[in-house]
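A note on names: the letters A, B, ... follow the listed sequences, proteins ahead of strands, and every chain is numbered from 1.
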Amino acid sequence: MTWVFDHLGLLGDLTVTHVYLSVLPVVIGLIIAIPLGWAASRWRPARAILLTVSGLLYTIPSLALIVILPALISTKTLDPVNVIITLTVYTIALLVRSIADALSSVPPTIVAAATAIGYRPLKRFVGVEFPLAIPVVVAGLRVAMVSNISLVSVGALIGIAGYGQLFTNGFQLQFVTEIVTGIVATLVLALIADLVLQLIGRLVTPWTRVGR
Amino acid sequence: MNLLTSWLFDPANWSGSTGVPARLVEHLWYTALALVIAVVIGFPLGAMVGHTKRGGFVLVGAANVLRALPTVGVLTLVVLLAGIGLIPPIAALTLLAIPPIMAGAYAGIGAVEPVVVDAARGVGMTEREILFQVEIPNAMPLIFGGVRSAALQVVATATIAAYVGLGGFGRYVFDGLALHDYPQMAGGAILVAVLAVLVELVLTGVQRLVVSPGLRPVRTSGGIQR
Amino acid sequence: MIEFQAVTKRFDDGTVAVDELNLTVDPGRITVFVGPSGCGKTTSLRMINRMIDATSGAILVDGKDVRQSDPPLLRRGIGYVIQQAGLFPHRTVLDNVATVPVLAGWSRAKARKRAAELLETVGLPATMAGRYPAQLSGGQQQRVGVARALAVDPPVLLMDEPFSAVDPVVREDLQNELLRLQGELDKTIVFVTHDIDEAIKLGDKVAVFRTGGILAQYDKPSELLARPADDFVSNFVGRDRGYRALGFLTASGLTVGEIASVQLGDTAGDARRKLSDGWIVVVDERRHPCGWLSADRLSGVDENATVDADLVMSGGSLYDTEHGSLRSALDSALSSPSAHGVAVNGGGELVGSITADEVLRALAAARTSGEVPQ
């Protein structure tokens, strides 16, 4: 424990980096995935293409993509941008399917009712279809968030900052406390992120919690 | 593109004990071992909770904690506690594989229609017969989905075994990193990516074989309201 | 007014849903489209607000071809009620009803005020306003659906099998409610159903469609029952059409007979002395009938025992002499345990008895006078 208190500054820095590297991709990914998921739910050919491509992207291991990216987009090998792009790609791959499925599962009678009372397509999406898809989208975001938090640690193996550094450093110094601290910190961060997402999800969907 | 392919297409890297075929065998060996252990541990737990409908809350909670567990942290910790060898990466990969397998079995069996189970009980099946002849076959899509997702994660993550001195495709990534040999790093990464895609394709094929045709999603034609 | 002019709808797969439909919907009336599934009734309805576009022909609403209107604007001016209400699960009851006014550019406060008024109009308590649709029963949801459709007071209301997903008792309530509302609002209503009884009950005019989207007959319900255009219509209208047609004949010529009665609280002795053909009607203090007593029922009962609810046998349906039809008169006679139907006045007070023979006599009179076709 003394080690932890002696290194609060370091832990703070690593926390900031870890949060930044795992949260930013979720935000960017969500923004990109919404229109893609919408397109996939609307047109059958778009659905086939988008879901195949995202399935494939999701299959590619993150560590591999972080390593390959510099050759593809001419970034430096250890640039954090590689991590952000990789995790954004994962987030999109995951969310496009959830959003498409969630939008497709909005009952057709409700969409028909919205059309029949005079909604135009864009307003209908914003006012009716997307709000009803939120619970599924939030479930997708939670999976993406937790997996991003653990993937950032993997990046430490090839020199990316974050809690992963506690593992590589502890390993080299044969120092158990540092590794355990890293594991606990990762778990706590994942837990907090998950709770925050759940809370946001509940706040924006009050209608899902009413009993009869 | 030369950066990505120069090492990969060099015939010198495709033979011997450090060549691609040898590393492939090592990579698949770690993957298979961790998966088998994870199935042996995770499947009965998930199936039991799914069948009895008791302890679902605890199981889901445990699966979520395991999911959030950083694999690299577990790996390095076990090395410090148990020493270098096969145990640390297999332990880390097994912990990675258990949550999806367990959750798949639990969700799959828990989601079998109560009327189906009721009917099975009604025709006089024992609890064991209900589980093996009705629930597991009906839950196969989700059970197999869990195994498939576990297999993909393990194949991808088996790369880290090389970080603690073992083989597998990860060897090229970490050797390349240490030697500032980017083409070797990239070659290793591409091999892992290709392997993951192949595993996914093979498992998709296997899923067709193990899931009853009666459970495949039905595409209703012309069912869309006009 | 809504006018279909040679309207045909052919879907991409070649099926003809509606075939050369010519039909004029009377303003301020309820017009019901009825027919088996696949007869094009729903397609015809949905072409009015351009949820579906016709392949050829024209549909005029108030003399204007609907194809000249922007679909969303057209739809905001036409109320629409669908099966299971189609309420937005993420909005409260009040905001569901306020949806169209807000779309039309009203301020939220004004839209909500209007919505609150409408909830009252359709018979929902104000306490429901803050609830979500999932917290309502099927019948309540459907009332909200009607309120939502009425929100900007559109002259035309389209109703697509609105009551088919609720149980029979609630359905009857909703049907009566719709007739009551229509009595106040005088909307032009087009109502789709596959239930011929619902069509006959609600429709001022009924359009019977046959498979393939062909209009088989378009007439008043009484005409449909009395003079079906062909075998399809007569089959669709059903085996009991002769009996149901009685529902459209007023019972004004019917002679109401004497009836013996005793009040709750009188003694069994009184009842026994007044029996007529072995039967007597029991009424409450307001003279509303509450059932029958028979000689059998009274045998062995002490002379001084009071006639109470436990002793009374339940009776059949009542025949209202001021509003009832021949059908309700006949039904009261057939459903009564004594073979005498119980006739009441508009206020529900006992006025006399009616027999099946008397109903048939009145029917014969109506036939000779030409009110009923031979």
Looking at [atom1] of [X] and [atom2] of [Y], how far apart are the two atoms once the value is rounded to the nearest 0.5 Å?
X: Leu157(A); Y: Leu75(B); atom1: CG; atom2: CG; result: 8.0 Å
X: Leu63(A); Y: Met185(B); atom1: CG; atom2: CE; result: 7.5 Å
X: Thr76(B); Y: Ile183(A); atom1: OG1; atom2: CD1; result: 6.0 Å
X: Leu151(A); Y: Thr157(B); atom1: CG; atom2: OG1; result: 8.0 Å

| said: Can you tell me which portion of Ile158(A) sits under 4.5 Å from chain B's heavy atoms? Options are side chain, backbone, both or neither. | reply: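 Answer is both: backbone and side chain atoms of Ile158(A) are under 4.5 Å from chain B.
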| said: At a 4.5 Å cut-off on heavy atoms, which part of Phe175(A) comes close to chain B: side chain, backbone, both, or neither? | reply: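 For Phe175(A), the backbone is the part near chain B, not the side chain.
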| task | Taking all non-hydrogen atoms of both residues into account, name the closest pair between Ala68(B) and Ala190(A) and its distance. | result |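 Heavy atoms of Ala68(B) and Ala190(A) come nearest at CB-CB, 3.6 Å.
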| query | Where do Ala189(B) and Ile68(A) come nearest, in terms of heavy atoms and distance? | reply |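 Closest approach of Ala189(B) to Ile68(A), heavy atoms only: CB-CG1, 3.7 Å.
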Around atom [atom1] of [X], are there more than 12 heavy atoms of other residues, nucleotides or ligands at under 6.0 Å?
X: Ile87(B); atom1: CD1; answer: no
X: Tyr182(B); atom1: OH; answer: yes
X: Glu113(B); atom1: CD; answer: no
X: Arg202(A); atom1: CZ; answer: no

Contacting region of [X] [heavy-atom separation from chain A under 4.5 Å]:
X: Thr159(B); result: side chain
X: Val79(B); result: side chain
X: Leu69(B); result: both
X: Val173(B); result: side chain
X: Leu152(B); result: side chain
X: Leu80(B); result: side chain
X: Phe169(B); result: neither

| query | Can you tell which of Val146(A), Leu189(A), Leu187(A) has the highest number of heavy-atom pairs within less than 4.5 Å of chain B? | reply |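 The option with the most such pairs is Leu187(A).
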| Among Asp194(A), Val143(A), Thr168(A), residue most engaged with chain B (heavy-atom pairs, under 4.5 Å) |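 Option with the top pair count is Thr168(A).
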| What's the verdict on side-chain contact (heavy atoms from CB on, under 4.5 Å) for Phe171(A) and Val72(B), showing C-alpha distance, side-chain angles and the deciding distance? | CA-CA 10 Å; Phe171(A) 177 64; Val72(B) 180; over 6 Å; no
| Can you check whether Pro70(B) reaches Tyr163(A) side chain to side chain, under 4.5 Å on heavy atoms? |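 No, their side chains stay 4.5 Å or more apart.
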| field | Pairs of heavy atoms under 4.5 Å with chain A: top-ranked of Val155(B), Asn64(B), Val192(B) | value |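 The option with the most such pairs is Val192(B).
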